[in-house]
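Per chain, numbering begins at 1; letters A, B, ... match sequence-line order. The model shown is predicted, which means the values in this text are computed figures rather than measured ones.
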Protein chains: 4
Amino acid sequence: MSGTGTARGRIDKRQAILDAAFIVFAREGYALAAVDVIAAEAGVAKATVYSHYGDKESLFRETVSASADQALAENLAVVERLTGAGDELRATLETVGLKLLKCYCADRSWALRRLLAAESGQFPDLLDVIHTRAADRVAEALADRLARLTVSGHLHTTDPLLAADQFFALLSGPADKRARLGTRRTPDADLRAIAEAAVDTFLKAFGAEA
Amino acid sequence: MSGTGTARGRIDKRQAILDAAFIVFAREGYALAAVDVIAAEAGVAKATVYSHYGDKESLFRETVSASADQALAENLAVVERLTGAGDELRATLETVGLKLLKCYCADRSWALRRLLAAESGQFPDLLDVIHTRAADRVAEALADRLARLTVSGHLHTTDPLLAADQFFALLSGPADKRARLGTRRTPDADLRAIAEAAVDTFLKAFGAEA
Amino acid sequence: MSGTGTARGRIDKRQAILDAAFIVFAREGYALAAVDVIAAEAGVAKATVYSHYGDKESLFRETVSASADQALAENLAVVERLTGAGDELRATLETVGLKLLKCYCADRSWALRRLLAAESGQFPDLLDVIHTRAADRVAEALADRLARLTVSGHLHTTDPLLAADQFFALLSGPADKRARLGTRRTPDADLRAIAEAAVDTFLKAFGAEA
Amino acid sequence: MSGTGTARGRIDKRQAILDAAFIVFAREGYALAAVDVIAAEAGVAKATVYSHYGDKESLFRETVSASADQALAENLAVVERLTGAGDELRATLETVGLKLLKCYCADRSWALRRLLAAESGQFPDLLDVIHTRAADRVAEALADRLARLTVSGHLHTTDPLLAADQFFALLSGPADKRARLGTRRTPDADLRAIAEAAVDTFLKAFGAEA
DNA sequence: GATGAATGAGAGTTCATTCAT
DNA sequence: TATGAATGAACTCTCATTCAT
C-alpha cells in the first residue's frame, strides 16, 4: 500500500527528511549539520535530499517553519482551555499555566528556540515569520481570554496584552533559569511550583478583588 | 611607550584579538566564524591568533568568558543601587529595573545570549560556567536586596529569590518579545514603559501594603 | 564501454590514484607529498582522492602494499625458474641472479625501499607487513630451490636459508654500492658482472665439488 | 670556566644543537622535524638555531656530515685491525667482521642510513658526499688489507675491491634481513653467527688453500 | 649573541552541490 | 525519481623564517 515509488512513499520520504533534518539541525546547529548526516538519518541518499528541498538553506527554512507551526498549534490548543470557569479561576489559570510551561519546556521547543537564536544572524527573516506567525498569535489569544475574563468581572486588567505578556513572563522566566536553555530537564513538580507562584503573583496584581 | 614588540604591545594584541573575536563570533556564529576574519579584524596575522590562544575553541571560550565577566560586573553594579530609600521605593525600583533592562538589551548582551544558545550543544560546560558565575549571582544579589527591603518593612516577600526571579521575568519577558532576540532595537521609552509596568505588577504582588 | 561514472571508470580512477600516489610519494617522500599533487597527477580532484582512500595515511599504506605485492610476484616468478637443470647450474644461477638483480635495481624497487626506510619511524608496522609478506617469502622460495639442488647433488649446503641469504647478499651488496640508493642507473653489463662474481663466489662455497 | 657567553659556551651550544638535530631528524625525518623541537631538545631558543646554522637545510647537511664523519672514523679503526696475523686468519676475520657488523648495526648507523635513504631525493648531493667520503673509503681500506693478505699468501683474490665488497655484503646482507632497517635489535650472538657464516663462505671462496 | 613575538605560505580535510545513470 | 561519484571552495592549523629588543 505504501511501498517505495508510490505517492505515499514520496510523502513519507519528504516527512522523513524533515524529521531527520530537525533532529540533526537541533543537535549540531545549521553550519555543522551535514547534509550527508541528515540523509543518512532519513535513510535516503544525499542527492535525494537535494531533489526534494533544493538546497540546505531551503531545507532549514522548511524544517523550522514546520516545527513552528506545530508549536503554535499546541500552544493555541492550551490557551483555548482558558475559559471563564466560575470561581475556579485560580485552578484554571494554574492548569493552563502548567500546560503552557510544559509546551515551553518540551525538548522540541527548546531546540527550536536555540536554533532560532543561533541562526538569527544568518536568517533574520525566519525570526519575523515565527514571531508573527506563532509567538505573537499565542500572546494575542491569551490576551483575548484575559480580556473576556476582565469583561466578565473575573479579572481586572487595563491592558490585556501586557497582562498576557506578564503572565507568560512569570511562567517562562523562572523556568528559563532552571532549564539552562533546555540542557537540564526540570521536574514536573518544579514546573507546577513555578506555575502556582506565577498565578499567585498574577492574581495579586490582576485578580478581580485586587 | 607602547611600541610594537613591547610587553604592552603583546597585551594590546591579546585584547584586540579578544574584541575582534567577540565581534566575529557574534556576527557569524562559532562554526562560520573564520579565524582569518578574526585576525584581520584584530589587525594581526592568523598565526598570531593561534600563538596567543591555541585553537579556535579556546579562543571562543576565552571570548565568551571575558564577555560574561563584563556583563556580570555591569549587572551587579546596577543591583547594588537598590537600597531601601525611604518612600521612594517605586521610583528606585523603576530606576533599577530600567537599568537592568538596558543591560539586558545591550547589543553585547544579546550577542552573548545568542552565542550561548547557539553553541550550548557544542559547549555545554560554557552554559554552566556562565550561569553559575554570572546569571545566578545577579539573581542572588537582587534577592539579597529584596530580603533587606522585606526586613525593613518596605516589601512583603516570603521567598526573596523567587521574587527576584519574577521581578527579572517581568522585565525581561516583555522585552524579549519586542527585541526579537536583539535583532530589533527597543526604544528607551518602551523600555521605560516595560519597567514601569513590571514595577507596578511587582508592587501589587509584593508591596508592603499588599 | 568505460565512460566516466561507470563502475569501470571508478576502478580506473582508483588505480590511477594509486599509480599517481606511488610516483609522488616516491619522488617527494610521505611528508612532502601533497595530496593536491597526487590528485593532479591522477587527473582527479583532491576530494576524489579522499573519497576513495579516506586520508593520506591510508592512501600511503595502500600504495606501499600494492607495490610490495607487485614486487613479490615478480621476484617469485624469477626464483621459480631456478630448477636443477643438469650441468648448466652455473649458467642457470647466473641467469636467475641477473634477473633478481634487475628486479632489485628496478626504479620501483628502489623507490619502494627508500620509502620504507624513510617512513619506518612513522609506520613501523608497514615494515613488518612488507617483510613477512614479501621479502621473507622470496628468501624462503630461494632456500627451497637451493635445498632441492642440494638433495639432487648439485649443491652442497647445510643451511639452505643461510645460503639463500648469502646468495642474495652477494648480489645486492655490490649492487647497492654502485646504485647509490637508486640514484644512479647501473648498466646491464655491470649487473651481469656482479651476478657472475656472486655466482662464482657462491659456487666456490657451495658447489657440489667444493 | 664554561659559563654562558664564553667561547666554550658557544661551542657547547653548537654541539648541543647538532646532537639535538640528529636525534630529531632521525626520529621524525627531515620534513617533519620541527626546528622548534630541535631547539627545545638542545635547550636553546629557535632563533638561536637560525643564528648558528642559517636555515633548516644547512643544519641538516651539517648534522648528516658530522654523523658520517664519525661513522667513517669508527669503521676505519676497525678495518685497520685486519693485519696478516699468522695462521689466525679466520679468527681475525671473524673479529673484524663482528666489529664491522656492530658498527653497521649501531642505532646511529641505522638512523643515518634511513635519513640518507629518506632524503636522497631532496638532497642527492649528500649521498655522493657520504659515499665518496665515507663508505667507499671503508671499502678501499678493506680492499687494501685483503690485497696485502693476498700478497702475503694468506688469501687468494684477483680483485681485492670486489672481494671486499662481497665480504661486506656477506656481513650486512643477512644482518639487514634481521634488523628490519634498525627497528629490531639483533642480539650479539646472532651477529656473531652471521660473522662466522660470512667468514666461512668468504674463506671457502678466497682462502689461500682454495 | 640570544630571544620572544609575529607572520606568510601551505597542507590536510570537509562539505554543499552537481551530474550521469 | 533516486543515487553514487566527483568536485571546488573553504577552513583550521602548522612551521620555517624574520625582526626588534
**Message:** With a cut-off of less than 4.0 Å, is there a side-chain N or O of C:Thr48 near OP1 or OP2 of F:dT7?
**Reply:**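 Affirmative; the distance criterion is met.
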Please give, in whole Å, the distance from [N] [atom2] to [X] [atom1]?
| X | N | atom1 | atom2 | result |
| --- | --- | --- | --- | --- |
| C:Ile38 | E:dG12 | CD1 | P | 8 Å |
| C:Tyr53 | E:dG12 | OH | P | 17 Å |
| B:Asp55 | E:dT13 | CG | C1' | 16 Å |
| D:Glu57 | F:dC15 | CD | C1' | 16 Å |
| B:Lys13 | F:dC19 | NZ | C1' | 12 Å |
| B:Arg14 | E:dG4 | CZ | P | 17 Å |
| B:Gln122 | F:dT12 | CD | P | 14 Å |

Do [X] and [Y] make a side-chain contact, defined as non-hydrogen atoms from C-beta onward lying under 4.5 Å apart?
| X | Y | answer |
| --- | --- | --- |
| C:Tyr53 | C:Thr63 | no |
| C:Thr183 | D:His131 | no |
| B:Phe60 | B:Leu126 | yes |

**Message:** Check whether B:Phe123 forms a cation-pi arrangement with B:Arg61 (NZ or CZ under 6.0 Å from the six-membered ring centre, at most 45° off the ring normal).
**Reply:**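 Geometry flag: not set, cation outside 6.0 Å or 45°.
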**Message:** Given C:Val64, which partner from the list C:Leu59, C:Val129, C:Asp69, C:Ile130 fulfils the side-chain contact (heavy atoms from CB on, under 4.5 Å) test?
**Reply:**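 Passing option: C:Ile130.
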**Message:** For C:Ser120, run the side-chain contact (heavy atoms from CB on, under 4.5 Å) check against C:Leu127, C:Asp125, C:Leu115 and tell me which one passes.
**Reply:**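 For C:Ser120, the side-chain contact (heavy atoms from CB on, under 4.5 Å) check succeeds only for C:Leu127.
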**Message:** Side chain of C:Val44 only, heavy atoms from C-beta on: which candidate in F:dA2, F:dT7, E:dG8 is closest?
**Reply:**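 Output: F:dT7.
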**Message:** If you assign each of A:Tyr30 and C:Tyr50 to its closest nucleotide in DNA chain E, which residue comes earlier from the 5' end?
**Reply:**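 Comparing both residues, the 5'-ward one is C:Tyr50.
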Check nucleotides 9-11 of chain F against the protein and report each pair of N or O atoms closer than 3.5 Å, with its distance, or say if there are none.
none

**Asked** Under a 3.5 Å cut-off on both pairing distances, which runs of 3 or more consecutive Watson-Crick or G-U pairs involve DNA chain E?
**Response**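 So the stems come out as E:2-21 with F:2-21.
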